[in-house]
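First the structure, in the form of structure tokens, and then the observations on it.
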Amino acid sequence: FADCEKPGNLIKNPGLECDKDRDGMPDGWNAFINDSSHILKWIDDPNGIRGKVLYSEFTGEGNHNWYKWYQEIKDVFEFDVRQLLNSMRYSYLVNVQPYIINRTEYWMYCSHNMQAMIDLTLDLMCFLKFPLRNLGRFREIAWQAQRMARIGNWISTWEREINKDDLTSGVIAYAIEKGFVNPASIHLEKTALIRKIKSSNIENYFLKEWENSYQEIRKLGKKMSVID
């Protein structure tokens, strides 16, 4: 990666991805369609809002052997999917209503689109042995890991997102809280905002939060029993 241009982020090339043509996609990225058992399914949230979600046919022929614990935790899986949809809805809102931006709700909603909770639930469905009494602790660990992934994304993509008028980074919430920019003029002061953020201690703040989550995972891990 020595020939890659220096990215406009606080951390140098955190994802080890080259994007020399600066089209917003990793170089060599090729989209393709493969055969799978996934289906689109309608899902309704408690407010009566309907949307389509991509589901795997867990109960289809052959798949039930893989997703052994599907019936036991399917409600948990559907809850996690709704959390993902809610995070997308919140991301839409902050872009059309920047006055609602605040650090509390960014921590509450935005990490869900990293999908660690969904991935955990799918993995647990496939375990040969799975004592349900450990589910809560597993989810605590996944929550912290999801938060770490969200922080890593925020501090490595915030500048590009500002330039693209994407306000979903927690760095933006931090900047507004610190008074670096007014929500009403955030799209008009990009250069000044980027300069102020770079001169602040924002990297240290988020890296400290990342470390806090990492240490919490270590503590939780020591309380876990080994399962197959």
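Inter-residue side-chain proximity for Arg82 and Asn86 is flagged as unmet; no heavy-atom pair is nearer than 4.5 Å. Contact of the Thr121 side chain with the Arg139 side chain is registered, since non-hydrogen atoms from C-beta on lie closer than 4.5 Å. Taking 4.5 Å as the limit, every side-chain heavy atom of Leu124 sits out of range of all side-chain heavy atoms of Trp69.
Nearest heavy-atom pair across Ile197 and Ser200 is O-OG, 2.7 Å. Smallest separation of non-hydrogen atoms from Ala142 and Ala116: O-CB, 3.9 Å.
A donor atom on one side chain and an acceptor atom on the other are found under 3.5 Å apart for Asn153 and Arg150.
Within the model, atoms CE of Met125 and CG of Leu120 stand 10.0 Å from one another, a figure rounded to the nearest 0.5 Å. The structure places CD of Glu159 at 11.5 Å from OG of Ser169, a figure rounded to the nearest 0.5 Å. A distance of 9.0 Å separates CH2 in Trp210 from CD in Gln215, rounded to the nearest 0.5 Å. With values rounded to the nearest 0.5 angstrom, Ile101 atom CD1 is found 5.0 Å from Leu167 atom CG. The CG atom of Asn212 lies 11.5 Å from the CD1 atom of Ile217; values are rounded to the nearest 0.5 Å. Rounding to the nearest 0.5 Å places CD1 of Ile176 at 6.5 Å from OH of Tyr106.
In this view, Glu105 and Tyr90, Asn102, Tyr109 satisfy the side chain to side chain contact (heavy atoms under 4.5 Å, CB included) rule, not counting sequence neighbours. Phe206 pairs by the side chain to side chain contact (heavy atoms under 4.5 Å, CB included) definition with Trp107, Ile151, Trp154, Ile155, Val171, Tyr174, Ile202, not counting sequence neighbours. Among residues two or more places apart in sequence or in another chain, the side chain to side chain donor-acceptor pair (under 3.5 Å) test is passed with Ser213 by Gln144, Arg147.
A single hydrophobic cluster is seen to contain both Met108 and Val94, as judged by linkage of ILVMFWY side chains at heavy-atom distances under 4.5 Å, directly or through other members. Taken together through direct or relayed side-chain contacts under 4.5 Å among Ile, Leu, Val, Met, Phe, Trp and Tyr, Trp143 and Tyr214 form parts of separate hydrophobic clusters. Residues Met114 and Leu84 do not share a hydrophobic cluster, defined by chaining ILVMFWY side chains whose heavy atoms lie under 4.5 Å apart. The cluster map of Ile, Leu, Val, Met, Phe, Trp and Tyr, joined by side-chain heavy atoms under 4.5 Å apart, puts Phe79 and Tyr70 in different clusters. Under a hydrophobic-cluster definition in which Ile, Leu, Val, Met, Phe, Trp and Tyr are linked whenever side-chain heavy atoms come within less than 4.5 Å, directly or via other members, Ile172 and Tyr99 are assigned to different clusters.
Checking side-chain atoms of Gln146 against main-chain N and O of Met117 turns up a donor-acceptor pair under 3.5 Å.
Of the options Ile73, Val81, Asp75, a side-chain contact (heavy atoms from CB on, under 4.5 Å) to Phe77 is made by Val81 and by none of the others.
Counting heavy-atom neighbours within 6.0 Å of Lys178 NZ, excluding the residue itself, gives a total of 12 or less.
A salt bridge links Lys190 with Asp165: the distance from a Lys NZ or Arg NE/NH1/NH2 to an Asp or Glu carboxylate oxygen falls below 4.0 Å.
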